Amino acid sequence: MRVVNHAVPKVDAEALVTGKAVYTNDLAPADCLIVKIIRSPHAHALIKEINTARAEAVPGIECILTYKDCPDKRFTMAGQTYPEPSPYDRLILDQRMRFVGDAAAIVAGTSEEAVKKAMKLVKIKYEVLEPVLDFRKAKDNPILVHPEDNWKSLCPVGADNKRNLCAHDVSESGDIEAVLEECDYVIDRIYHTKANQQAMMETFRTYSYLDTYGRLNVVSSTQVPFHVRRILANALDIPKSRVRVIKPRIGGGFGAKQTSVSEVYPALVTWKTGKPAKIIYTREESLIASSPRHEMEMHVRLGADKEGHIRGIDLYTLSNTGAFGEHGPTTVGLSGHKSIPLYGKAEAFRFTYDVVYTNVMSAGAYRGYGATQGIFAVESAVNELAQVLGMDPTVLREMNMVREGDVMPAYYGEQTQSCALDRCLARAKEMIGWDDKYPCRDMGNGKVRGVGVAMAMQGSGISSVDTGSVAIKVNDDGFYSLMIGATDMGTGCDTILSQMAAECLDCDIKDIIVHGVDTDTSPYDCGSYASSTTYVTGMAVVRTCEALIGKICERGAEYLGCPVEDVEFNGAEVVNLKTGESITRKEIGNRVMCFNNEALSASKAFSSPVSPPPFMAGIAEVEIDKETGVVEMVDYAAVVDCGTVVNPSLARVQTEGGIAQGIGMALFEDIVYSPKGKNYSNSFMQYKIPSRLDVGNIRVEFESSYEPTGPFGAKSIGEIVINTPSPAIANAIQNAVGVTIRELPMTAEKVYKGMREKAENR
């Protein structure tokens with residue numbers, strides 16, 4: 001191919017490296033009202049009285065809004081396709097506070113100084129209530145996080161607010177209890193993953209204004225512009241036609257901006273005052289009142305025979321959605337449906353889950369979206385099984401892994417039409433030197449090195465749900481405008497989609513101008529999440545190009561005065577195959593500007609009944625100080641099967657970045673609450689994300705398969721890359737010092753304590 005499968009520079013590369021990229025706050029008008037939130041100091045409380053008189057007297061204060069000024073209409077901030085699986089459990093401002101940091105009031109003024117002064121003068125009296133902070137005790141607790149009667153669930157996800165239950169489900173195949181009863185070995189373990197922050201560089205931020213026609217225009221750093229339009233219309237109780245959402249450049253998202261965290265507050269101010277308004281979250285706000293990864297506890301039972309054939313997997317996941325449902329009902333499913341199918345030869349499986357409300361910050365989407373937690377649990381259980389069997393964990397996987405052509409009952413019965421997982425594992429072993437390093441090596445200096453392995457799968461969009469669409473038009477001089485609804489948040493999707501269009505249209509990528517998202521003008525796209533853009537929106541590009549080429553041929557044939565069956569478009573011109581006569585794309589583009597009855601443009605959509613999974617094998621090498629328990633990353637070898645690699649450079653940095661995030665989750669990142677529900681991890685001094693010096697040497701290769709349902713054989717890569725570090729590092733620690741850690745993060749204290757306990761038990 002000419003363009004696809006080549007390391008084409010990002011279409012916005014020059015602007016980025018020269019500092020010309022423009023973000024939300026760069027675009028906000030200078031006269032915007034400054035919006036800030038007064039946040040609850042209590043995990044659970046009722047507002048009994050709010051006195052705003054002194055605050056309203058501060059010069060420059062435009063308005064102070066409380067729950068009395070908001071529609072009493074519940075909605076969800078989750079950026080999901082309608083009808084959203086997440087319950088409608090939010091108000092813009094509520095009388096009930098559900099976590100420390102919950103929004104109690106909105107203050108808007110002409111300057112930050114005035115707003116900060118006014119915030120100190122607002123007096124709020126609370127009736128402090130007992131909170132539910134332990135998610136293991138939340139289900140059927142007499143203390144209800146959502147006792148209100150206007151709470152509602154649009155989809156049958158097993159939610160019941162009177163039980164603190166946001167979702168519940170059971171899926172199974174075969175008789176799991178009978179199979180486990182027959183197994184020679186059953187691993188029965190509980191694993192715990194804490195919440196994690198996405199920690200994107202650009203915090204949540206939005207500005208809003210009314211246009212000439214009185215419509216609410218919202219410019220926001222969001223992954224889901226079309227969903228935000230619906231969310232705002234629901235929240236403000238106004239028609240969707242009155243809302244327009246525009247996405248500028250995004251400074252990172254990683255799933256955080258799939259939740260409409262900041263948009264409702266300036267939107268309400270603008271709607272009430274008629275004036276432009278903006279909110280810029282501080283880093284502290286982004287850490288205490290955002291949408292982190294769900295805390296989960298997973299109970300795994302894994303059965304196998306003496307030879308190591310895995311016969312049954314039983315997984316129960318308890319997920320903590322926090323104060324609001326948001327992505328609770330959808331995230332949890334991936335903990336089982338993206339981990340159990342890796343071992344598709346099992347005779348039976350059962351996957352059960354509960355998602356519960358608690359009085360902590362509500363959780364949301366984060367790269368991996370539940371698969372990360374489930375893969376940590378199931379892959380760790382497989383590694384523990386290998387230890388019990390006295391077997392090399394890579395050999396155990398080679399015996400049991402899913403392969404091309406297999407039907408996966410735990411993955412909605414889908415069949416793998418493309419799978420190079422076996423080659424991924426084999427290549428990763430070569431890269432790390434597994435046979436020479438397994439299980440460990442004593443370095444002779446008080447330190448020991450161990451290696452550990454894990455596999456992963458993800459998805460490519462949400463099957464039978466996600467929809468992507470694009471529009472392409474031919475302009476004068478024949479250049480193309482590619483209008484997309486997908487959101488580039490630094491992933492390079494503008495470049496990827498341009499590459500596909502250039503390949504289809506047989507032109508240079510510079511001939512294609514990409515337009516970002518504006519809900520008034522862009523074709524509908526569900527947004528950038530669920531690893532959907534390359535696969536779903538990419539296929540929409542292919543379909544649109546095919547339709548456009550047909551129209552170009554029709555117009556060229558008309559101008560050449562011949563039947564359309566006689567012409568061919570070669571990217572530069574339409575040629576009459578019988579006479580050799582031709583007309584250039586440039587001339588066609590100019591001629592359609594005059595005396596023309598049909599626009600030379602096309603738009604197509606794509607939604608897939610399947611979600612072909614990418615696969616990955618990751619092997620970690622760590623060095624552990626036997627005196628302190630400190631774990632240091634040495635090497636990480638990763639091999640990914642994402643189908644046809646559309647852009648090797650972008651795929652590589654996606655993988656490297658995801659692995660670095662996974663290492664952070666495994667070793668450093670932790671959200672810690674006080675006994676009263678205050679989030680102590682409220683800055684980068686407390687919430688530790690890894691630097692480049694902390695992640696060791698990360699090496700990435702690709703083993704391509706060909707996905708017949710994807711554009712040019714491509715699958716996704718965005719999420720899978722974060723999923724293998726946690727179980728691989730846990731396995732490396734296990735192999736190095738014999739300590740099995742089942743709770744993240746795996747800190748030096750936990751390793752040291754494990755080594756001490758092991759020594760005392762000898």
Side-chain angles (χ1 to χ4, degrees), residues 169-176 179-180 298 300-304 309-317 330-353 368-379 381-382 396-425 454-466 530-532 535 608-617 640-643 703 705-710 713 715-717 719-720 723-724 727:
D169 193 30
V170 181
S171 57
E172 56 190 329
S173 175
D175 189 337
I176 185 64
V179 168
L180 291 177
M298 291 141 292
V300 183
R301 292 194 298 160
L302 184 72
H309 298 100
I310 295 174
R311 298 185 58 195
I313 304 174
D314 183 24
L315 172 64
Y316 169 69
T317 299
T330 48
T331 301
V332 68
L334 278 70
S335 69
H337 294 306
K338 300 291 171 64
S339 58
I340 298 171
L342 285 166
Y343 302 94
K345 294 176 174 59
E347 300 164 36
F349 85 90
R350 179 171 59 203
F351 173 39
T352 310
Y353 61 74
Y369 203 78
T372 316
Q373 297 96 308
I375 286 171
F376 169 67
V378 172
E379 285 297 280
V382 170
L396 181 62
R397 285 174 171 79
E398 289 162 358
M399 182 187 302
N400 290 283
M401 72 170 63
V402 65
R403 295 176 185 267
E404 191 162 295
D406 287 354
V407 174
M408 300 175 286
Y411 191 56
Y412 316 106
E414 284 193 25
Q415 182 179 26
T416 56
Q417 299 189 68
S418 58
C419 177
L421 183 56
D422 53 347
R423 288 186 276 123
C424 289
L425 181 58
M455 305 188 307
M457 61 177 278
Q458 195 75 34
S460 300
I462 305 172
S463 58
S464 302
V465 174
D466 281 351
S531 302
S532 62
Y535 178 74
S608 177
V610 296
S611 177
F615 295 94
M616 178 178 177
V640 185
D641 161 25
C642 57
E703 284 287 343
S705 60
Y706 184 87
E707 174 51 48
T709 66
K715 299 185 286 189
S716 73
I717 196 171
E719 291 182 280
I720 188 174
N723 292 336
T724 58

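Being a predicted model, the structure only gives us computed values, none of them experimental. Numbering of residues begins at 1 and proceeds along the displayed sequence.
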Original post:
Do Q458 side-chain atoms and G368 backbone N/O form a donor-acceptor pair below 3.5 Å?
Top reply: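 Such a contact is found between Q458 side chain and G368 backbone.
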
**OP:** Ignoring hydrogens and angles, tell me if any N or O in the side chain of E347 forms a donor-acceptor pair with the backbone of R311 under 3.5 Å.
**Re:**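 Here the side-chain-to-backbone pair does not exist.
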
Could you check whether any side-chain heavy atom of [X] comes within less than 4.5 Å of a side-chain heavy atom of [Y], counting everything from C-beta outward?
X    : Y    : result
V382 : L302 : yes
N400 : L396 : yes
N723 : M616 : no

With sequence neighbours excluded, what pairs up with [X] under the side-chain contact (heavy atoms from CB on, under 4.5 Å) test?
X    : value
S460 : Y535, S611, P612, P614, K715, S716
T416 : V402, D406, M408, C419, F615
T352 : H168, V170, Y316, R350

Original post:
Residues in salt bridge (Lys or Arg N to Asp or Glu O under 4.0 Å) with E404, at least two apart?
Top reply: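 Per chain and number, E404 pairs via salt bridge (Lys or Arg N to Asp or Glu O under 4.0 Å) with no residue.
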
**OP:** Apply salt bridge (Lys or Arg N to Asp or Glu O under 4.0 Å) to E414 and list each qualifying residue two or more places apart in sequence or on a separate chain.
**Re:**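 None.
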
Subject >> Least distance between heavy atoms, A348 atom then V179 atom >> reply: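 In this case the closest contact between A348 and V179 is CB-CG2, 3.8 Å.
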
**OP:** Output all residues satisfying side chain to side chain donor-acceptor pair (under 3.5 Å) with S532, sequence neighbours left out; order by chain, then residue number.
**Re:**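 Testing S532 for side chain to side chain donor-acceptor pair (under 3.5 Å), a comparison that skips the adjacent residues, returns none.
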
**OP:** For a ring pair (Phe, Tyr, Trp, His ring centres under 6.0 Å) with H337, tell me which candidate from Y411, Y369, F349, Y412 qualifies.
**Re:**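 The residue from Y411, Y369, F349, Y412 that satisfies ring pair (Phe, Tyr, Trp, His ring centres under 6.0 Å) with H337 turns out to be Y412.
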
Original post:
Any salt bridge between E379 and R397, counting N to O under 4.0 Å?
Top reply: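 Here E379 pairs with R397 in a salt bridge, since their nearest N and O are under 4.0 Å apart.
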
Subject >> Centroid separation Y353 to F351 less than 6.0 Å >> reply: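 Yes, the ring centres sit under 6.0 Å apart.
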
